[in-house]
Asks: 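One structure is given below, represented as structure tokens, and several questions about it will come after.
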Amino acid sequence: MNRTAKILLAIFLAILSLIMTALASFFIITAGSNLQPQKLVDYNKTISVFDDKSQKIEDAAYETKQRSVKIANLSDHTVKAFIASEDRNFYSHNGLNYKRMLKAAYKNLVSRSFKEGASTISQQLIKNTHLNNDKKITRKLKEIKLTKQLERRYSKDEILEMYLNTIYFGHNCFGLQNAANFYFAKPASQLTLEQSATMVGLLTSPNNFSPYKNPQKSILRRNTVLKNMLDCSFIDRKTYEETVALPLSVAPEGNRQSNSSYLHAVFNEFEELNIDPYGQFDELHIKTYYNRETQAGLENRKTECDYSFFVRNADGGVAAFKSSIADAKRQIGSTAKPLFVYAPAIDGKKLDLFTKIKDEPINYGGYSPENYDKTYHGQVTVKDSIKYSYNVPAVKALNSLSFDDVENYASKMGVQLLKEEKNLSLALGGMKEGLSLKQLCDCYSVFSNNGNYMPSRFIKEISDQSGKVLYSAKDTKNKVFSEGACSLINDALCDTAQSGTAKKLADLGFEVACKTGTCGNKDGNTDAYSVAYTSDCCIGVWLGSKDNKRLEVTGGRDCCAVTKSILKDRYKEQAPAPLDRTSGTATIEIDREEYENNDRVILCDAVSPKLNRLSVKCLENNVPTQTSTRFTTPNIKKPSILVKNNQVSILLCQAKYYTYIVKRHNGNKIDTIYSGIWKANITDSPADGEYRYTVTPQYEYGGKIYEGEEIELPRVIIRSERKEDKLPDIVFKDWYNQ
């Protein structure tokens, strides 16, 4: 045997050895794996949902029993939609697509991962009913063996039928029949081409492509399915173009059970947790924060426009939720002011609640916001600006901040500002997409949670039928604002609920903070808000038009009316504890006159009279450093002095609370001509001579007199006219011309 033959033989034996080893490994790994026909038809998996008292919510599970479909009853376009997108060669291969498997193996080898699966419909059926989602070679080998057994035992139509009856479409819908009923309120046999494509589009990721959660993504995915059908010549170009132009035709959520909004949100959250819906379980138990009484209260509220009601507990659990717009994002109007303007400015020590801002016409590079009432109010405090929701002060306050700082605060609350949103209109809620009511309530809950952001959640725990816990909610907190900043915002928003834009809540009998907001123009409004919170819950109410039609709704009137009724129901037996309005703050006394007349914030003199003391709150680490000395060292502007008709007049500038000592000095003689409270004009009629006058301000407190600096006025001379010096009138007569 020559050298070449020996080499070829060695190679052949090596390859044969590898093949034999692979085959041996395959048989060893898959030895215990055999097709179990019962699992292919016993697909009655259920996901049961429980309330906050561990009571099962009966209508939460869409039971799969007796809701199977028959291939013969489905329309041709429904079947072909699945084939075109999931497995184009389904009817020609023997269960495995070797070309796709080799391509996927190469990609996985290059990427050093198991991203590519290359599964046929037959393989997917086996994985969903017999295996799990582990991305391991051992699982793939078992899948291959079971798929070959499946193909030998069942026809293609039988395999496709079992597949359609077991796949998961989201929202606890196992099987095409349940999904058709949920999404379109009709049997699977009546699905249109557009609806069939929408169904297929869900399979990749029911959460991402849900027509209720992400309608635009759902349309794009549906159109991809239609393009696949066009590429496979299952539909012609005209049919394709007509169908992709159609809107989604899903059934309105309101057509289903009363608590559909809450359950819809539960399953959205469930699908975000990446728990395999095909896992080896017969039933999953989802424990939620659902409160039957609170939810019933929301369900009983009728509105003449689109709505969204959200009730969140202090621990982040959602007690109730009802919405005609699902979790859609909307413009948030003036509810943005505390979140993106005042809280960041207070926390950053840029201003306090008592800081004055001039409400006046402004123009920042062509941006000229107006107040809702089209009037301006002069110097107003930050607290009043929040209470009455003035626009101009909010824009001015935002202008004092850097957008990097604002973006930092927003990101800590789970809000990612876009580049085009970093402008002054953000102060009034100007955002490209806006926020959902859930996001808005999560942000406002920061103020009642000592500055900690904790996203809300519907699911508390998930376990299987044996009690094994698969998921448990954890408290994830992110510090956003200081306790002091939150206390001050709480203070301002409690006042808003008492006498500001949310004054409809004033007579509830317990403490509540609230901010209202309205979006629209002179022709009407599209969005109205009330976000209210107590020490143990946050309630968000949105009323408006999801189609941006103009309506006569406002946050202060309509939304607050709904909020009030929800709060009354929740606290009909016991009032909540008061909100924290003091932690992290210092109560100080400032000089009232300096503040009101000169816009200066300085601490009171230690002996200041009560009427001159103004009590205010500020951050405990932002107390003014300057202290007034107006009373321990009385000080006044230098008085004026004038002489007329031999009478001396001393003009005093007004200074409250002082007394004055006015003295006349003539040589060594000193006379007190006045001692008492302020008078505008103190007069004196001395004899002829040269005089100087002095004025000394005084202040008496606790029996002690505090004396200021003696002020010396300019000297004056008094000289009376003598009678003998006066000439007779005759001297001045014009005798010549008489």
Asks: Is it the case that E271 and Y168 place a side-chain donor and acceptor less than 3.5 Å from each other?
Replies: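 E271 vs Y168: donor-acceptor pair found between side chains.
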Asks: Assess, by modelled atom type and distance only, whether the side chains of D236 and T239 contain a donor and an acceptor separated by less than 3.5 Å.
Replies: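 The criterion, which ignores hydrogens and geometry beyond distance, is satisfied for T239 and D236.
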Asks: Any Lys/Arg nitrogen of E407 or K422 sitting under 4.0 Å from an Asp/Glu carboxylate oxygen of the other?
Replies: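 Here E407 pairs with K422 in a salt bridge, since their nearest N and O are under 4.0 Å apart.
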Asks: Quick check on side-chain contact (heavy atoms from CB on, under 4.5 Å): which of L74, V225, D87, L176 does F82 satisfy it with?
Replies: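 Result: among L74, V225, D87, L176, L176 is the only option passing the side-chain contact (heavy atoms from CB on, under 4.5 Å) with F82.
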Asks: Regarding N207 and S205, do their side chains bring together a donor and an acceptor under 3.5 Å, going by distance alone?
Replies: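 Result is no, nothing qualifies.
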Asks: So, R550 and D523, do they make that salt bridge, N to O below 4.0 Å?
Replies: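 Salt bridge between R550 and D523, a charged N being under 4.0 Å from a carboxylate O: no.
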Asks: Please tell me whether N94 and R152 have a donor and an acceptor in their side chains that are separated by less than 3.5 angstrom.
Replies: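 Side chains of N94 and R152: no pair found under 3.5 Å.
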Asks: Would you mind checking if D327 and K438 are paired as a salt bridge, meaning a charged N to carboxylate O distance below 4.0 Å?
Replies: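 Salt bridge between K438 and D327, a charged N being under 4.0 Å from a carboxylate O: no.
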Asks: Do the side-chain N and O atoms of R221 and N214 include a donor-acceptor pair separated by under 3.5 angstrom?
Replies: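 Distance-only check fails for R221 and N214.
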Asks: Which residues pass the ring pair (Phe, Tyr, Trp, His ring centres under 6.0 Å) test with H77, sequence neighbours left out?
Replies: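 Listed in chain order: nothing, the list is empty.
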Asks: Within the 3.5 Å criterion, strictly below it, is a donor on S155 or D157 matched to an acceptor on the partner's side chain?
Replies: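 D157 and S155 do not have a side-chain donor-acceptor pair below 3.5 Å.
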Asks: If only side-chain N and O atoms count, and only distance matters, is there a donor-acceptor pair under 3.5 Å linking T198 with E194?
Replies: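 Result is yes, a qualifying pair exists.
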Asks: Is a side-chain donor or acceptor of Y183 paired with a backbone partner of F169 at a separation under 3.5 angstrom?
Replies: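 Present.
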Asks: Check R330 against T526 and note the closest heavy-atom contact, atom names and distance.
Replies: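 Here R330 and T526 meet closest at NH2-O, 3.9 Å.
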Asks: Output the distance between atom NZ (K80) and atom SG (C232), rounded to the nearest 0.5 Å.
Replies: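 With rounding to 0.5 Å, NZ (K80) is 10.0 Å from SG (C232).
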Asks: Does the E269 side chain pair with the main chain of V266, one donor and one acceptor, at a distance under 3.5 Å?
Replies: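 Side chain of E269 to backbone of V266, a donor-acceptor pair under 3.5 Å: no, none is there.
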Asks: When you measure from the side chain of Q295 to the backbone N and O of R292, does any donor-acceptor pair fall under 3.5 Å?
Replies: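 Between the backbone of R292 and the side chain of Q295 there is no qualifying donor-acceptor contact (under 3.5 Å).
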Asks: Salt bridge or not between K156 and E151? Use side-chain N to carboxylate O under 4.0 Å.
Replies: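 Salt bridge flag = yes for E151 with K156.
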Asks: So L226 and N223, do their side chains get closer than 4.5 Å, heavy atoms only?
Replies: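 Yes, their side chains come closer than 4.5 Å.
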Asks: Verify, without hydrogens or angle tests, whether N181 (side chain) and A185 (backbone) share a donor-acceptor contact under 3.5 angstrom.
Replies: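 Pair absent, no side-chain N/O of N181 close to backbone of A185.
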Asks: Between K329 and E433, is the closest basic N to carboxylate O distance under 4.0 Å?
Replies: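 Yes.
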Asks: Judged by modelled atom types alone, do Q195 and S249 share a side-chain donor-acceptor pair under 3.5 Å?
Replies: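 Side chains of Q195 and S249: pair found under 3.5 Å.
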Asks: Is it the case that more than 12 heavy atoms not belonging to E304 sit under 6.0 Å from its CD atom?
Replies: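 12 or below, so no.
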Asks: Using the ring-ring contact (aromatic ring centres under 6.0 Å, His included) definition, which of the options Y289, Y262, F270 pairs with F458?
Replies: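 Among Y289, Y262, F270, the one meeting ring-ring contact (aromatic ring centres under 6.0 Å, His included) with F458 is Y262.
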Asks: For a quick check under 3.5 Å, do N228 and S85 share a side-chain donor-acceptor pair by atom type?
Replies: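 Judged by distance alone, the side chains do pair up.
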Asks: Would you say the side chains of E283 and S48 form a donor-acceptor pair under 3.5 Å?
Replies: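 Checked: E283/S48 side chains pair up, N/O donor to acceptor below 3.5 Å.
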